[in-house]
Protein chains: 2
Amino acid sequence: MPTRTAAQLREEAARDYDAFMAECPARHLLDRIGTKWVSLVLLGLADGPQRDSDLSRRIAGVSQKMLTQTLRNLERDGLISRAVTPSVPVRVDYELTALGESLLPLVNAIREWAESNMPKVEAAREQYDAL
Amino acid sequence: MPTRTAAQLREEAARDYDAFMAECPARHLLDRIGTKWVSLVLLGLADGPQRDSDLSRRIAGVSQKMLTQTLRNLERDGLISRAVTPSVPVRVDYELTALGESLLPLVNAIREWAESNMPKVEAAREQYDAL
DNA sequence: CCGCATCCTTAGCGATACTG
DNA sequence: CAGTATCGCTAAGGATGCGG
(Lines give C-alpha, C1' and ligand atoms only; values in the text may rest on other atoms or scores of the structure.)
Protein backbone atom coordinates (compact mmCIF):
# COMPACT_ATOMS: atom_id res chain seq x y z
CA MET A 1 0.00 0.00 0.00
CA PRO A 2 1.36 3.36 -1.02
CA THR A 3 1.73 6.15 1.45
CA ARG A 4 -0.64 8.17 -0.66
CA THR A 5 -3.58 6.93 -2.61
CA ALA A 6 -4.30 7.87 -6.17
CA ALA A 7 -7.08 10.10 -4.95
CA GLN A 8 -4.70 11.90 -2.63
CA LEU A 9 -2.22 12.36 -5.42
CA ARG A 10 -4.93 13.86 -7.56
CA GLU A 11 -5.86 16.22 -4.78
CA GLU A 12 -2.29 17.34 -4.47
CA ALA A 13 -2.05 17.83 -8.18
CA ALA A 14 -5.24 19.84 -8.05
CA ARG A 15 -3.75 22.06 -5.36
CA ASP A 16 -0.59 22.51 -7.36
CA TYR A 17 -2.75 23.24 -10.33
CA ASP A 18 -4.74 25.86 -8.51
CA ALA A 19 -1.56 27.46 -7.24
CA PHE A 20 -0.06 27.41 -10.70
CA MET A 21 -3.14 28.82 -12.30
CA ALA A 22 -3.57 31.40 -9.56
CA GLU A 23 -0.05 32.67 -10.01
CA CYS A 24 -0.28 32.54 -13.77
CA PRO A 25 -1.94 35.75 -14.89
CA ALA A 26 -1.18 34.92 -18.48
CA ARG A 27 -3.87 32.26 -18.47
CA HIS A 28 -6.36 34.73 -17.10
CA LEU A 29 -5.44 37.15 -19.83
CA LEU A 30 -5.79 34.51 -22.50
CA ASP A 31 -9.13 33.56 -21.05
CA ARG A 32 -10.12 37.14 -21.79
CA ILE A 33 -8.58 38.01 -25.11
CA GLY A 34 -8.92 34.46 -26.35
CA THR A 35 -12.68 34.72 -26.41
CA LYS A 36 -14.14 34.95 -29.84
CA TRP A 37 -14.77 38.66 -30.29
CA VAL A 38 -12.47 40.47 -27.90
CA SER A 39 -9.59 41.06 -30.26
CA LEU A 40 -11.93 42.22 -32.97
CA VAL A 41 -13.59 44.70 -30.66
CA LEU A 42 -10.24 46.02 -29.52
CA LEU A 43 -9.17 46.45 -33.12
CA GLY A 44 -12.52 48.03 -33.92
CA LEU A 45 -11.89 50.62 -31.24
CA ALA A 46 -8.23 51.06 -32.14
CA ASP A 47 -8.79 54.15 -34.23
CA GLY A 48 -11.09 56.06 -31.97
CA PRO A 49 -14.40 55.87 -30.08
CA GLN A 50 -17.26 54.06 -31.71
CA ARG A 51 -20.96 53.76 -31.17
CA ASP A 52 -22.45 50.39 -30.44
CA SER A 53 -24.13 50.33 -33.82
CA ASP A 54 -20.93 51.31 -35.57
CA LEU A 55 -19.11 48.46 -33.94
CA SER A 56 -21.74 45.96 -34.89
CA ARG A 57 -21.29 47.08 -38.48
CA ARG A 58 -17.51 47.13 -38.37
CA ILE A 59 -17.39 43.68 -36.88
CA ALA A 60 -19.59 41.99 -39.41
CA GLY A 61 -21.22 38.86 -38.21
CA VAL A 62 -21.15 39.48 -34.50
CA SER A 63 -24.50 38.84 -32.87
CA GLN A 64 -25.90 41.67 -30.84
CA LYS A 65 -25.80 39.48 -27.80
CA MET A 66 -22.12 38.69 -28.08
CA LEU A 67 -21.23 42.27 -28.87
CA THR A 68 -22.92 43.50 -25.74
CA GLN A 69 -21.47 40.72 -23.67
CA THR A 70 -17.97 41.33 -24.95
CA LEU A 71 -18.27 45.06 -24.38
CA ARG A 72 -19.55 44.51 -20.84
CA ASN A 73 -16.65 42.25 -19.99
CA LEU A 74 -14.12 44.64 -21.42
CA GLU A 75 -15.70 47.48 -19.50
CA ARG A 76 -15.65 45.45 -16.32
CA ASP A 77 -11.97 44.77 -16.85
CA GLY A 78 -11.26 48.44 -17.29
CA LEU A 79 -10.12 48.05 -20.88
CA ILE A 80 -12.82 50.19 -22.42
CA SER A 81 -15.10 52.92 -21.16
CA ARG A 82 -18.77 53.39 -21.89
CA ALA A 83 -20.43 56.77 -22.32
CA VAL A 84 -24.22 57.05 -22.50
CA THR A 85 -25.85 60.11 -24.01
CA PRO A 86 -29.42 60.15 -22.71
CA SER A 87 -31.03 61.45 -25.87
CA VAL A 88 -33.98 59.85 -27.62
CA PRO A 89 -33.06 57.40 -28.83
CA VAL A 90 -30.11 56.74 -26.62
CA ARG A 91 -26.58 56.96 -27.87
CA VAL A 92 -23.78 54.88 -26.44
CA ASP A 93 -20.11 55.35 -27.22
CA TYR A 94 -17.28 53.03 -26.36
CA GLU A 95 -13.66 53.97 -26.15
CA LEU A 96 -10.40 52.30 -25.21
CA THR A 97 -8.99 53.25 -21.84
CA ALA A 98 -5.26 53.71 -21.37
CA LEU A 99 -5.10 50.13 -20.17
CA GLY A 100 -6.97 48.98 -23.22
CA GLU A 101 -4.67 50.88 -25.51
CA SER A 102 -1.65 49.32 -23.87
CA LEU A 103 -3.00 46.02 -25.08
CA LEU A 104 -3.06 47.06 -28.72
CA PRO A 105 0.61 46.36 -29.42
CA LEU A 106 0.04 42.87 -28.17
CA VAL A 107 -3.00 42.33 -30.32
CA ASN A 108 -1.11 43.69 -33.30
CA ALA A 109 1.86 41.46 -32.56
CA ILE A 110 -0.48 38.51 -32.56
CA ARG A 111 -1.99 39.64 -35.80
CA GLU A 112 1.39 40.08 -37.40
CA TRP A 113 2.65 36.69 -36.33
CA ALA A 114 -0.55 35.19 -37.61
CA GLU A 115 -0.40 36.95 -40.94
CA SER A 116 3.13 35.83 -41.64
CA ASN A 117 2.95 32.34 -40.15
CA MET A 118 -0.55 31.01 -40.35
CA PRO A 119 -0.01 29.89 -43.96
CA LYS A 120 2.74 27.61 -42.65
CA VAL A 121 0.40 26.30 -40.02
CA GLU A 122 -2.24 25.63 -42.64
CA ALA A 123 0.32 23.83 -44.76
CA ALA A 124 1.47 21.72 -41.82
CA ARG A 125 -2.12 20.84 -41.08
CA GLU A 126 -2.86 19.73 -44.61
CA GLN A 127 0.26 17.63 -44.69
CA TYR A 128 -0.62 16.06 -41.36
CA ASP A 129 -4.14 15.30 -42.47
CA ALA A 130 -2.90 13.74 -45.68
CA LEU A 131 -1.32 10.87 -43.79
CA MET B 1 -41.39 47.41 -48.19
CA PRO B 2 -37.62 47.53 -48.07
CA THR B 3 -35.54 46.39 -50.98
CA ARG B 4 -33.94 43.83 -48.68
CA THR B 5 -35.54 41.95 -45.87
CA ALA B 6 -33.99 41.55 -42.46
CA ALA B 7 -33.19 37.95 -43.32
CA GLN B 8 -31.38 39.05 -46.46
CA LEU B 9 -29.41 41.59 -44.49
CA ARG B 10 -28.40 38.91 -42.05
CA GLU B 11 -27.28 36.71 -44.89
CA GLU B 12 -25.16 39.48 -46.28
CA ALA B 13 -23.69 40.09 -42.88
CA ALA B 14 -22.93 36.40 -42.62
CA ARG B 15 -21.11 36.48 -45.92
CA ASP B 16 -19.15 39.54 -44.85
CA TYR B 17 -18.45 37.77 -41.64
CA ASP B 18 -17.15 34.70 -43.37
CA ALA B 19 -14.97 36.81 -45.61
CA PHE B 20 -13.71 38.78 -42.66
CA MET B 21 -13.00 35.71 -40.63
CA ALA B 22 -11.41 33.94 -43.56
CA GLU B 23 -9.04 36.79 -44.17
CA CYS B 24 -8.36 37.27 -40.49
CA PRO B 25 -5.64 34.80 -39.51
CA ALA B 26 -5.34 36.40 -36.09
CA ARG B 27 -8.63 34.89 -35.06
CA HIS B 28 -7.49 31.48 -36.15
CA LEU B 29 -4.34 31.90 -34.15
CA LEU B 30 -6.24 32.97 -31.07
CA ASP B 31 -8.53 30.02 -31.51
CA ARG B 32 -5.40 27.91 -31.15
CA ILE B 33 -3.34 29.57 -28.48
CA GLY B 34 -6.41 30.72 -26.63
CA THR B 35 -7.36 27.19 -25.72
CA LYS B 36 -6.79 26.27 -22.15
CA TRP B 37 -3.49 24.42 -22.19
CA VAL B 38 -1.67 25.51 -25.32
CA SER B 39 0.33 28.34 -23.83
CA LEU B 40 1.29 26.20 -20.87
CA VAL B 41 2.52 23.41 -23.11
CA LEU B 42 4.52 25.84 -25.20
CA LEU B 43 6.10 27.26 -22.08
CA GLY B 44 6.67 23.74 -20.80
CA LEU B 45 8.62 22.96 -23.93
CA ALA B 46 10.40 26.31 -23.99
CA ASP B 47 13.57 25.03 -22.37
CA GLY B 48 14.06 21.88 -24.31
CA PRO B 49 12.40 18.61 -25.34
CA GLN B 50 10.20 16.87 -22.81
CA ARG B 51 8.65 13.49 -22.42
CA ASP B 52 4.91 13.17 -22.21
CA SER B 53 5.12 12.23 -18.55
CA ASP B 54 7.45 15.14 -17.82
CA LEU B 55 5.01 17.53 -19.32
CA SER B 56 2.12 16.15 -17.38
CA ARG B 57 4.13 16.77 -14.22
CA ARG B 58 5.33 20.22 -15.22
CA ILE B 59 1.86 21.30 -16.11
CA ALA B 60 0.23 20.29 -12.89
CA GLY B 61 -3.48 19.71 -13.14
CA VAL B 62 -3.73 18.94 -16.81
CA SER B 63 -5.74 15.84 -17.47
CA GLN B 64 -4.04 13.19 -19.51
CA LYS B 65 -6.75 13.54 -22.11
CA MET B 66 -6.29 17.24 -22.60
CA LEU B 67 -2.53 16.95 -22.66
CA THR B 68 -2.66 14.43 -25.47
CA GLN B 69 -5.26 16.41 -27.32
CA THR B 70 -3.29 19.64 -27.01
CA LEU B 71 -0.09 17.95 -28.11
CA ARG B 72 -1.82 16.41 -31.11
CA ASN B 73 -3.20 19.74 -32.21
CA LEU B 74 0.13 21.45 -31.83
CA GLU B 75 1.80 18.69 -33.78
CA ARG B 76 -0.81 18.96 -36.49
CA ASP B 77 -0.16 22.68 -36.73
CA GLY B 78 3.55 22.09 -37.08
CA LEU B 79 4.39 23.85 -33.84
CA ILE B 80 5.87 20.85 -32.10
CA SER B 81 7.40 17.58 -33.25
CA ARG B 82 6.87 14.15 -31.78
CA ALA B 83 9.59 11.50 -31.54
CA VAL B 84 8.76 7.94 -30.58
CA THR B 85 11.45 5.61 -29.27
CA PRO B 86 10.12 2.07 -29.67
CA SER B 87 11.53 0.66 -26.45
CA VAL B 88 9.55 -1.18 -23.79
CA PRO B 89 7.85 0.73 -22.45
CA VAL B 90 7.60 3.28 -25.20
CA ARG B 91 9.19 6.66 -24.87
CA VAL B 92 7.79 9.74 -26.54
CA ASP B 93 9.51 13.09 -26.67
CA TYR B 94 8.03 16.37 -27.78
CA GLU B 95 9.97 19.34 -28.95
CA LEU B 96 9.23 22.77 -30.32
CA THR B 97 9.74 23.19 -34.04
CA ALA B 98 11.25 26.38 -35.43
CA LEU B 99 7.75 27.60 -36.03
CA GLY B 100 6.79 26.79 -32.47
CA GLU B 101 9.81 28.60 -31.13
CA SER B 102 8.98 31.65 -33.14
CA LEU B 103 5.78 31.79 -31.14
CA LEU B 104 7.56 31.95 -27.79
CA PRO B 105 8.27 35.68 -27.86
CA LEU B 106 4.59 36.22 -28.37
CA VAL B 107 3.63 33.98 -25.50
CA ASN B 108 6.16 35.70 -23.31
CA ALA B 109 4.91 39.11 -24.36
CA ILE B 110 1.45 38.05 -23.34
CA ARG B 111 2.76 36.79 -20.05
CA GLU B 112 4.63 39.98 -19.39
CA TRP B 113 1.68 42.19 -20.16
CA ALA B 114 -0.43 40.01 -17.94
CA GLU B 115 2.01 40.06 -15.06
CA SER B 116 2.27 43.82 -15.06
CA ASN B 117 -1.31 44.67 -15.87
CA MET B 118 -3.63 41.98 -14.62
CA PRO B 119 -3.63 43.50 -11.12
CA LYS B 120 -5.14 46.62 -12.66
CA VAL B 121 -7.70 44.51 -14.41
CA GLU B 122 -8.56 42.77 -11.17
CA ALA B 123 -8.90 46.11 -9.44
CA ALA B 124 -11.16 47.43 -12.20
CA ARG B 125 -13.27 44.35 -11.92
CA GLU B 126 -13.72 44.64 -8.19
CA GLN B 127 -14.64 48.27 -8.51
CA TYR B 128 -17.12 47.48 -11.25
CA ASP B 129 -18.68 44.70 -9.23
CA ALA B 130 -18.97 46.93 -6.19
CA LEU B 131 -21.58 49.09 -7.91
C1' DC C 1 -30.82 52.83 -30.61
C1' DC C 2 -29.47 49.85 -27.15
C1' DG C 3 -29.67 45.83 -24.54
C1' DC C 4 -31.92 42.31 -21.68
C1' DA C 5 -34.13 37.60 -21.29
C1' DT C 6 -35.14 33.08 -23.14
C1' DC C 7 -34.36 28.86 -25.57
C1' DC C 8 -31.46 25.67 -27.69
C1' DT C 9 -27.38 23.60 -29.83
C1' DT C 10 -22.69 22.68 -29.78
C1' DA C 11 -17.83 22.48 -28.08
C1' DG C 12 -14.58 22.05 -24.26
C1' DC C 13 -13.21 19.56 -20.78
C1' DG C 14 -12.82 16.37 -16.79
C1' DA C 15 -13.37 11.56 -14.79
C1' DT C 16 -12.91 6.96 -15.45
C1' DA C 17 -11.64 2.72 -17.33
C1' DC C 18 -9.17 0.01 -20.71
C1' DT C 19 -5.17 -1.37 -24.38
C1' DG C 20 -0.17 -2.27 -26.29
C1' DC D 1 4.64 4.89 -20.33
C1' DA D 2 1.65 6.59 -23.72
C1' DG D 3 -2.63 6.66 -25.67
C1' DT D 4 -7.77 5.66 -26.71
C1' DA D 5 -12.80 5.51 -25.75
C1' DT D 6 -16.91 6.73 -23.37
C1' DC D 7 -19.90 9.49 -20.49
C1' DG D 8 -21.66 13.51 -18.61
C1' DC D 9 -21.43 18.23 -17.25
C1' DT D 10 -20.86 23.09 -18.13
C1' DA D 11 -20.10 27.19 -20.70
C1' DA D 12 -20.09 29.57 -25.14
C1' DG D 13 -22.56 31.29 -28.36
C1' DG D 14 -26.40 32.00 -31.87
C1' DA D 15 -31.62 33.09 -32.78
C1' DT D 16 -35.46 35.37 -31.51
C1' DG D 17 -38.45 38.42 -29.27
C1' DC D 18 -39.54 42.22 -25.72
C1' DG D 19 -38.80 46.78 -23.44
C1' DG D 20 -36.90 51.43 -22.22
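Per chain, numbering begins at 1; letters A, B, ... match sequence-line order.
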Can you check whether [X] has a side-chain N or O nearer than 4.0 Å to OP1 or OP2 of [N]?
X: B:Thr35; N: C:dC13; answer: yes
X: A:Lys36; N: D:dG14; answer: yes
X: A:Tyr94; N: C:dG3; answer: yes
X: B:Arg91; N: D:dG3; answer: no
X: A:Arg51; N: C:dC2; answer: yes
X: B:Arg72; N: D:dG3; answer: yes
X: B:Ser53; N: D:dA2; answer: yes

### Message
Quick check on B:Glu122: does its CD atom have over 12 non-hydrogen neighbours (other residues, nucleotides or ligands) under 6.0 Å away?
### Response
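Result for CD/B:Glu122: enclosed.
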Rounded to whole Å, please give me the gap between [atom1] in [X] and [atom2] in [N].
X: B:Gln69; N: D:dG3; atom1: CD; atom2: C1'; result: 13 Å
X: B:Lys65; N: D:dT6; atom1: NZ; atom2: C1'; result: 9 Å
X: B:Met66; N: D:dG3; atom1: CE; atom2: P; result: 15 Å
X: A:Leu71; N: C:dC4; atom1: CG; atom2: P; result: 10 Å
X: A:Asp54; N: C:dC1; atom1: CG; atom2: C1'; result: 11 Å
X: A:Arg32; N: D:dA11; atom1: CZ; atom2: C1'; result: 14 Å
X: A:Leu67; N: D:dA15; atom1: CG; atom2: P; result: 14 Å
X: A:Asp52; N: C:dC2; atom1: CG; atom2: C1'; result: 6 Å

#### Entry: Contact nearer the 5' end of DNA chain D, comparing B:Thr68 with B:Arg57
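The 5'-side residue here is B:Arg57.
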### Task
Would you kindly say whether B:Arg76 and B:Asn73 are connected by a side-chain donor-acceptor distance under 3.5 Å?
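Note: B:Arg76 and B:Asn73 side chains miss the donor-acceptor criterion.
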### Message
If you only use heavy atoms from C-beta on, which nucleotide in C:dG20, C:dG14, C:dC2 is closest to the side chain of A:Val92?
### Response
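In terms of side-chain proximity for A:Val92, the closest of C:dG20, C:dG14, C:dC2 is C:dC2.
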Kindly compute the distance separating [atom1] ([X]) from [atom2] ([Y]), expressed to the nearest 0.5 Å.
X: A:Leu79; Y: B:Lys120; atom1: CG; atom2: NZ; result: 11.0 Å
X: B:Ile59; Y: B:Ser39; atom1: CD1; atom2: OG; result: 9.0 Å
X: A:Thr97; Y: A:Asp77; atom1: OG1; atom2: CG; result: 10.0 Å
X: A:Arg51; Y: A:Tyr94; atom1: CZ; atom2: OH; result: 11.5 Å

### Bend angle of the helix from C:dC1-D:dG20 to C:dG20-D:dC1, from helix axes over five pairs at each end, nearest 10°
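Comparing the first five pairs with the last five, the axes sit 40° apart.
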#### Entry: same_hphob_cluster(A:Tyr128, B:Val38) at 4.5 Å side-chain heavy-atom cutoff
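In one cluster with A:Tyr128: B:Val38, no.
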### Task
Establish whether A:Val121 and B:Leu104 are linked, either directly or via other cluster members, by ILVMFWY side-chain heavy-atom contacts under 4.5 Å.
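Yes: a chain of side-chain contacts under 4.5 Å links A:Val121 to B:Leu104.
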### Message
Can you tell me whether the side chain of A:Gln64 and the base of C:dC4 have a donor-acceptor pair closer than 3.5 Å?
### Response
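Indeed, a donor on one side and an acceptor on the other fall under 3.5 Å apart.
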